[in-house]
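Just below is one structure, and these are the notes that go with it.
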Amino acid sequence: MYVADSRSSKAPVAPAETRPGRREAADGAGPADGPRTGDGPRAAGRRTAVRAAVPGTVVALGVVSLVTDVSSEMVSAVLPLYLLTGLGLSPLGFGLLDGIQNGFSALVRLLGGHLADRRGRDGAPRHKAVAAVGYGLSALCKPLLLLVHTVPLIGAVVAVDRTGKGLRTAPRDAMISLATEPAHRGRAFGVHRAMDTAGALLGPLTAFLVLRLAGGPMLADGGQQQGYHAVFAVSGCVAVLGVLVLLLFVPNRLAAAGTPEGAGPSSAGPSSGAAGVPDARPRLRDGLALLRVPGLRRLTVCAVLLGLTTVSDSFLYLLVQRRLGLAVEYFPLLPLGTAGAFLLLAVPLGALADRIGRRRLFLAGHGVLLLAYGLLLSPLDGPAAVVCVLLLHGSFYAATDGVLAAAAADTVPAERRGAGLALVGTGQALARFACSLAFGALWSAVGGTTALTWSALALAGCVTGAAFVLREPAAAAAPVAAPGGPAPTTDDSEVPS
């Protein structure tokens, strides 16, 4: 039996709410367990609130993502150089390979969400099982890179790795939302994304250290590749550690914590049985049928529209280097600047989303991205401008990545949470992929500056349109309460922190 089987899958509840015998001590009106000095009870209450906002399941999943990202980013840091200089792949070929794989990963995400919602013989969803398969596929691919030495085979291995990423994303986010009280989902996703980003920061640094210790020369002719092989081997061991953490410390069963803010089972239509009991075998097309839920449909449409005007990171870094006069040798440090800002701001902005509304912060994050575009188009240059652009870019991710998942969870019934989150995430990912292709073609035709100007204007229009779409009447936005449960809130922006 796994250790995780004995762990609680729900967020802990403050003692004053669940232990009536201790209410007087919590309120300060009776004897406590020990002497009180200063504002001890108040501090204890704050610690309890923090634990309730971020349950152990979320922290465990954060550790899994951190470890897995260290493994993935180790490979990502050296794979382009390995393919281009070691195996002779052209930049155009690498770009096409990378784009196709990312688009395929987005489509697989729909399958992962659907499979995760299917219930096993015990009646429980398979979120953990599907996530474990996804993480396991990625872990298996790392040592396989030691055995393949041709571009087609390496492309196939990387494609399987991207398939694993697509399978695990929706089940993982579903587990985070189900384990967390609705009022604290923004903070919980912020904690997870911060831990995930910490792995993205540590991965390239670990790869650099392994290369130095292995002493393998990174030659253009690819004659000696022991340095690359050492990175692949260490990456595989790290990935296995992430799978073990998932199996041992993430509960197998996850029931929705608190009252879901999304539509109840009756609103899902195709995924519910005649007696109001969720169908144990939902069909794949039922995931698309979730677009009939008004809140999820509006959020998906806005995510797609905004994704179509979000310039990819690679193009933005190239613009930073060329427009702001950054020395070429500092170019590899630009992603670390974005990731550092993301890491620092993910948790506070997630908590802010719980206070002011997740949809509002999601839109505000794209407004921050628009400011970054404006700074790139301004006559400013130099190190200060570079730092400002990277700070705004990281702030954009901190205000949108986990916040979008938290907002989507508010609109989806618990029994279809994986499919609903996959639907929103896939729409956004495919839109960003299309934007990358369009922006690359536009850059080739009219130049980078003009292409960014048009993208900024389009983004401004989409932010305005999205704000109008997401501004809905309270009566229309009201989610359906689960049978026998308390009435949910009518707007996620009004959920107390």
Side-chain angles (χ1 to χ4, degrees), residues 63-105 108 112 131-169 196 198-248 314 332 335-336:
V63 172
V64 174
S65 293
L66 187 155
V67 174
T68 303
D69 250 33
V70 170
S71 171
S72 298
E73 294 302 324
M74 286 180 64
V75 174
S76 298
V78 302
L79 190 61
L81 190 62
Y82 179 61
L83 291 174
L84 296 175
T85 64
L87 301 182
L89 185 66
S90 67
L92 177 60
F94 177 76
L96 181 61
L97 178 65
D98 183 66
I100 292 176
Q101 289 164 356
N102 287 331
F104 184 68
S105 174
V108 172
V133 171
Y135 282 108
L137 282 176
S138 295
L140 178 64
C141 290
K142 304 306 187 298
L144 287 180
L145 290 172
L146 297 170
L147 307 177
V148 296
H149 304 288
T150 63
V151 172
L153 289 178
I154 291 177
V157 171
V158 176
V160 174
D161 176 75
R162 295 295 89 187
T163 300
K165 180 178 176 60
L167 285 175
R168 69 181 182 249
T169 299
D196 183 85
L201 281 170
L202 292 174
L205 299 178
T206 305
F208 175 78
L209 180 62
V210 170
L211 285 172
R212 293 294 298 269
L213 293 177
M218 301 169 66
L219 301 179
D221 59 5
Q224 299 182 19
Q225 300 169 349
Q226 61 262 37
Y228 296 111
H229 290 172
V231 171
F232 298 154
V234 174
S235 174
C237 295
V238 175
V240 170
L241 178 60
V243 176
L244 290 177
V245 173
L246 174 70
L247 295 177
L248 294 176
S314 299
L336 297 181

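Note that the structure is predicted; figures quoted are calculated from it, not measured. All residue numbers in this chain count up from 1 along the given sequence.
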Leu211 and Val78: which non-hydrogen atoms are nearest, and at how many Å?
CD1-CG1, 3.9 Å
Which side-chain N or O atoms in residues 230-243 pair as donor and acceptor under 3.5 Å with protein atoms at least two apart or in another chain?
residue : atom : partner : partner atom : Å
Ser235  : OG   : Ser71   : O            : 2.8
Ser235  : OG   : Ser71   : OG           : 2.8

Using a 4.5 Å cut-off on heavy atoms from C-beta on, say whether the side chain of Leu147 contacts that of Leu144.
yes
NZ/Lys165 to SG/Cys141 distance, rounded to the nearest 0.5 angstrom?
13.5 Å
Where do Gly203 and Glu73 come nearest, in terms of heavy atoms and distance?
CA-CB, 3.9 Å
Drop me the distance from Met74's CE to Leu205's CG, to the nearest 0.5 angstrom.
11.0 Å
At what distance, to the nearest 0.5 angstrom, does CG of Leu145 lie from CG of Leu79?
7.0 Å
Run the salt bridge (charged side-chain N to carboxylate O under 4.0 Å, His left out) test against Asp69 and tell me which residues pass, sequence neighbours left out.
none
Pairs satisfying side-chain hydrogen bond (donor to acceptor under 3.5 Å, both in side chains), at least one member in residues 138-147, at least two apart
Ser138-Asp161, Ser138-Arg168, Lys142-Asp161
Hey, what do you get for CG (Leu213) to CZ (Phe208), rounding to the nearest 0.5 Å?
10.0 Å
Step by step, work out the side chain to side chain contact (heavy atoms under 4.5 Å, CB included) result for Leu336 and Leu201.
CA-CA 6 Å; Leu336 297 181; Leu201 281 170; 3.7 Å; yes
